[in-house]
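Structure record follows, encoded as structure tokens.
Below, all heavy atoms of this structure are taken into account, side chains as well, without hydrogens, waters or symmetry copies.
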Amino acid sequence: MILRVEHTTEFAYDGPIAEAYTELRLRPLEGGGQHCSSFRLDTQPPGVRVREYFDHFGNAVHHFDVLESHDRLLVTAASEVWTPQTLVSDRVEPTPLELHDYLGPTSYSPFTEPIRELAAAHPGARELMHAVYTGLVYEPGATDVQTRADEVLALGRGVCQDFAHVLLAACRCEGIPARYVSGYLYDPTLVGDNAASHAWVDVWEGEQGWVALDPTHDREQTDAYVRVAVGRDYDDVPPTRGVYTGTANEILSVRVGLQSL
């Protein structure tokens, strides 16, 4: 499938700020059968010099400074992406460093007793995916961006980020390397807002290589998924991150649209 993605982020302030440094992870990944044929980043105010580097996990990171006083910053990332029917793994064994990253606990996915009990009761990544899907209720607003996997289990509800963190922690408790995936999910049945930022999990399955599992929908990745970044958990892959100088309060708003071409 060929998808066009438009991701607009607005940073609004209730007063002028003197300086802002912003980091973006919005360019879709290259590889795994996915190909990003075009990517454009526009900013308002215009004329900002945008630089790029690749982080430890292979994600493209764009960053820039706005040095003059302003009370609004608008960033629009537009991409065209070819997506495969499923993740195409090169079956290259994870390096020792990758195993260190993808087998250990994190602040979002700790190895607490509830997580260990879930992992022990459902051995195997696909069994764990189904257990997370059936054991949690999808409920926007029930959690926030800081909620940990064990807190999600206690609540019994959450959003895709929470489902992914629970599956990550449980798989790693069982010795299954797992990494967090951020991106988008295209749903042509929705009218108007036919896209959403999404999160799911890659697990290492030996001869099959990396397999992409979505615990929010209890299925493997399909061509409706656009992969943007991977890491140990959400903290490695936020779409935007930044700091600014000033006393004004920031209001962040995001709009995402996907179109099948």
Side-chain angles (χ1 to χ4, degrees), residues 2-31 34-83 140 144-146 159-161 180-187 190 192-199 225-231 233-261:
I2 301 175
L3 294 171
R4 176 176 174 80
V5 185
E6 188 168 287
H7 184 129
T8 301
T9 307
E10 181 177 7
F11 305 86
Y13 306 91
D14 59 8
I17 63 171
E19 180 180 357
Y21 172 80
T22 304
E23 208 176 68
L24 309 169
R25 286 171 174 80
L26 293 172
R27 182 187 178 103
L29 289 167
E30 193 73 27
Q34 177 175 286
H35 172 60
C36 180
S37 59
S38 70
F39 177 78
R40 188 183 74 252
L41 198 64
D42 295 320
T43 63
Q44 293 291 338
V48 174
R49 182 179 179 183
V50 180
R51 297 176 173 85
E52 180 184 8
Y53 70 91
F54 289 88
D55 68 14
H56 167 66
F57 303 100
N59 307 311
V61 184
H62 294 84
H63 61 104
F64 58 86
D65 285 304
V66 180
L67 300 178
E68 67 269 19
S69 177
H70 63 285
D71 59 11
R72 179 176 177 267
L73 173 62
L74 193 69
V75 181
T76 300
S79 312
E80 288 188 7
V81 190
W82 188 91
T83 58
D144 60 38
V145 72
Q146 300 297 331
V159 293
C160 56
Q161 172 181 310
Y180 187 97
V181 187
S182 70
Y184 308 105
L185 177 57
Y186 171 66
D187 185 349
L190 298 180
D193 182 13
N194 61 354
S197 296
H198 197 51
Y225 292 70
V226 177
R227 300 168 63 88
V228 174
V230 298
D233 59 22
Y234 173 80
D235 198 44
D236 288 330
V237 300
T240 61
R241 174 182 282 150
V243 294
Y244 64 92
T245 302
T247 59
N249 296 312
E250 181 183 77
I251 301 171
L252 176 68
S253 59
V254 178
R255 300 189 304 275
V256 178
L258 260 72
Q259 178 185 4
S260 177
L261 301 179

Taking C-beta and beyond as the side chain, do Pro28 and Gln34 meet within less than 4.5 Å on heavy atoms? yes
Is there side-chain contact between Val181 and Tyr225, with heavy atoms separated by less than 4.5 Å? no
Would you say Gln161 and Tyr180 make side-chain contact, with heavy atoms under 4.5 Å? yes
Heavy-atom donor-acceptor pair, Thr43 side chain to Pro45 backbone, under 3.5 Å: yes
Report yes if some heavy atom in the side chain of Ser197 is under 4.5 Å from a heavy atom in the side chain of His7; otherwise report no. yes
Could you tabulate the donor-acceptor pairs under 3.5 Å formed by side-chain atoms of residues 236-252, not counting sequence neighbours?
from	atom 1	to	atom 2	distance (Å)
Asp236	OD1	Arg232	NH2	2.9
Asp236	OD2	Arg232	N	2.7
Asp236	OD2	Arg232	NE	2.8
Arg241	NH2	Asp235	O	2.6
Arg241	NH2	Asp235	OD1	3.3
Tyr244	OH	Ala248	O	2.6
Asn249	ND2	Asp14	OD2	3.1
Glu250	OE2	Tyr13	OH	3.0

Please collect all salt bridge (Lys or Arg N to Asp or Glu O under 4.0 Å) contacts where either partner lies in residues 38-53, sequence neighbours excluded, each pair once. Arg40-Asp42
I need the Cys160 SG to His198 NE2 distance, nearest 0.5 Å. 5.5 Å
Go through Val81 and Ile2 one step at a time and tell me if the side-chain contact (heavy atoms from CB on, under 4.5 Å) criterion holds. CA-CA 6 Å; Val81 190; Ile2 301 175; over 6 Å; no
Main-chain N/O of Val5 paired with Ser79 side-chain donor or acceptor, under 3.5 Å: no
Taking only residues two or more places apart in sequence or in another chain, which ones pass side chain to side chain donor-acceptor pair (under 3.5 Å) with Glu30? His35
Set of residues satisfying side chain to side chain donor-acceptor pair (under 3.5 Å) with respect to Arg255, sequence neighbours excluded: none
Can you sort out the partners of Tyr234 under ring-ring contact (aromatic ring centres under 6.0 Å, His included), two or more places apart, ordered by chain and number? none
CZ/Phe39 to CG/Leu26 distance, rounded to the nearest 0.5 angstrom? 6.0 Å
Distance-only criterion, 3.5 Å: show the donor-acceptor pairs between side-chain atoms of residues 55-62 and protein atoms not counting sequence neighbours.
from	atom 1	to	atom 2	distance (Å)
Asp55	OD1	Phe57	N	2.9
Asp55	OD1	Gly58	N	3.1
Asp55	OD1	Asn59	N	2.9
Asp55	OD1	Asn59	ND2	3.4
Asp55	OD2	Arg25	NE	3.2
Asp55	OD2	Asn59	ND2	3.1
His56	NE2	Asp101	OD2	2.8
Asn59	OD1	Val230	N	2.9
Asn59	ND2	Val230	O	2.8

Identify all side-chain donor-acceptor contacts of residues 63-78 below 3.5 Å with residues at least two apart in sequence or on another chain.
from	atom 1	to	atom 2	distance (Å)
His70	ND1	Glu68	O	3.0
Arg72	NE	Glu10	OE2	2.8
Thr76	OG1	Thr8	OG1	3.3

